[in-house]
Q: 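Encoded as structure tokens, here's the structure I'll be asking about.
Note that these values count all heavy atoms, side chains included, but never hydrogens, waters or copies made by symmetry.
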Amino acid sequence: EAAFDAIVERWFGPPKSWWTVERLFFTYLGGILLVILIALGAYARLRRTSQRLLDRETQLRATMTARHAAMLELKNAQLAAQNTEMQRLLQAVSHDLKSPMVTVRGFAGVLGDAMNAGDLTLARDACDRIVTSTGHLSGITDGLQEYNRMDQKPVELQDVDLGALVAEAEEMLSADIAAAGARIAIPSPLPRLRADESQVLRVLLNLILNALRHGCPHPGMAVDITADVGAHTTEIVVRDHGPGIPEARLEHIFDRFYS
């Protein structure tokens, strides 16, 4: 075979190479096109990735903007509620302070006239009225301080004897009960419960005092206190027999300082 190849090369010359100029040109051109296609594919993938990142960033910005807008709206609503509550507080305090201040001013003048006239009985009566009115003023300021402490004090749960707590509230309000000619009625034994004792006592005092002032217009009326024990909660009911709350104001009964 080698000898045959030598004879062929001697008579016909060396064999021609497969790599002709045309084939080299088209191979080079194909390589360039392949590189261009690969580059175009990479550019397309990069562009799609960049667009996805841009869309994700746009969505994230929109979400953050909506969240900030919602938080701002919530803060504005809370601020508006606080402003409304503050206005009600100022109205309630100014209304409650006005009456005892007018009383103090009036009986201070009576006291001066009585001293000038030497009427000790009238002077003593005027002093008693002034002391009573200043006691009311002190009660208002104490209530404001208690309101401030109530918002700042954390809830402390403990085992509470509701019957003993009602008895304590009744003793603390004995003068108001006697003045209204009313009584506290407990139809059935009250249970023990898990609660914040001071907070429950404060609620009982407020409800009973409100019932005495507005729900016992005639002597001999009773304020009933009952409790309904459920699976996880205990419902305490303080019920009077007065005219009740007008229907138009029922939606505001839990608004602070509403009057």
Side-chain angles (χ1 to χ4, degrees), residues 74 77-78 80-89 91-93 95-96 136 139-259:
L74 178 61
Q78 291 176 344
Q82 290 175 355
N83 288 336
T84 301
E85 183 176 311
M86 183 60 66
Q87 291 176 357
R88 289 176 178 171
L89 172 61
Q91 292 175 356
V93 171
H95 178 271
D96 291 343
H136 292 162
I140 294 173
T141 57
D142 291 343
L144 290 174
Q145 293 177 351
E146 185 66 23
Y147 163 72
N148 183 53
R149 288 194 297 268
M150 181 178 61
D151 278 358
Q152 297 178 357
K153 181 182 177 182
V155 175
E156 298 178 357
L157 296 180
Q158 53 188 310
D159 187 53
V160 176
D161 184 347
L162 185 57
L165 211 58
V166 170
E168 182 178 353
E170 184 176 2
E171 182 178 355
M172 294 174 67
L173 296 175
S174 57
D176 299 276
I177 296 173
R183 60 186 178 86
I184 304 298
I186 304 175
S188 58
L190 298 175
R192 303 184 69 89
L193 62 150
R194 187 78 175 167
D196 188 314
E197 184 174 6
S198 62
Q199 297 282 23
V200 175
L201 177 60
R202 183 179 297 109
V203 172
L204 286 173
L205 289 172
N206 289 336
L207 291 177
I208 295 173
L209 186 59
N210 185 76
L212 293 172
R213 290 177 176 175
H214 306 287
C216 298
H218 307 294
M221 302 186 73
V223 176
D224 300 324
I225 301 178
T226 58
D228 183 13
V229 180
H232 303 288
T233 60
T234 299
E235 179 181 342
I236 303 172
V237 179
V238 178
R239 180 174 180 268
D240 59 55
H241 302 276
I245 301 174
E247 186 175 355
R249 296 190 176 186
L250 287 177
E251 60 179 324
H252 299 290
I253 59 175
F254 292 110
D255 293 348
R256 293 182 176 182
F257 313 114
Y258 178 80
S259 61

Q: Which value, rounded to the nearest 0.5 Å, describes the distance between Leu193 atom CG and Glu235 atom CD?
A: 13.0 Å
Q: Side-chain contact, heavy-atom cut-off 4.5 Å: Leu190 with Val166?
A: yes
Q: When rounded to the nearest 0.5 angstrom, what distance separates CD1 in Ile177 from CD1 in Ile208?
A: 6.5 Å
Q: For His218 and Met221, work out which heavy atoms get closest and say how close.
A: O-CG, 3.0 Å
Q: Could you tell me the separation between the CG atom of Leu165 and the CG atom of Leu201, rounded to the nearest 0.5 Å?
A: 5.0 Å
Q: Looking only at heavy atoms, what is the nearest atom pair of Ala185 and Pro187, with distance?
A: O-CD, 3.6 Å
Q: Applying side-chain contact (heavy atoms from CB on, under 4.5 Å), run through Arg194 and Thr234 and close with a yes or a no.
A: CA-CA 9 Å; Arg194 187 78 175 167; Thr234 299; over 6 Å; no
Q: Any non-hydrogen side-chain atom of Val203 less than 4.5 Å from a side-chain atom of Val238?
A: no
Q: Test Glu247 against Leu250 for side-chain contact (heavy atoms from CB on, under 4.5 Å), laying out the working first.
A: CA-CA 5 Å; Glu247 186 175 355; Leu250 287 177; 4.2 Å; yes
Q: List the steps, then state whether side-chain contact (heavy atoms from CB on, under 4.5 Å) holds for Ile225 with Leu162.
A: CA-CA 10 Å; Ile225 301 178; Leu162 185 57; 5.9 Å; no
Q: As a quick check of understanding, evaluate side-chain contact (heavy atoms from CB on, under 4.5 Å) for His214 and Asp240, giving each step before the final call.
A: CA-CA 9 Å; His214 306 287; Asp240 59 55; over 6 Å; no
Q: For Cys216 and Val223, which heavy atoms make the closest approach, and how far apart are they?
A: SG-CG2, 3.8 Å
Q: Do other residues, nucleotides or ligands put more than 12 heavy atoms under 6.0 Å from the CD atom of Gln158?
A: yes
Q: Roughly how far apart are Leu212 CG and Arg183 CZ, rounded to 0.5 Å?
A: 12.5 Å
Q: To the nearest 0.5 Å, what is the distance between CG on Asp161 and CD on Glu168?
A: 11.0 Å
Q: Which pair of non-hydrogen atoms, one from Glu156 and one from Asp196, has the smallest distance, and what is that distance?
A: N-OD2, 2.8 Å
Q: What distance separates Arg192 CZ from Asp159 CG, expressed to the nearest 0.5 Å?
A: 4.0 Å
Q: Keeping the roles fixed (side chain from Asn210, backbone from Asn206), state whether a donor-acceptor pair exists under 3.5 Å.
A: no
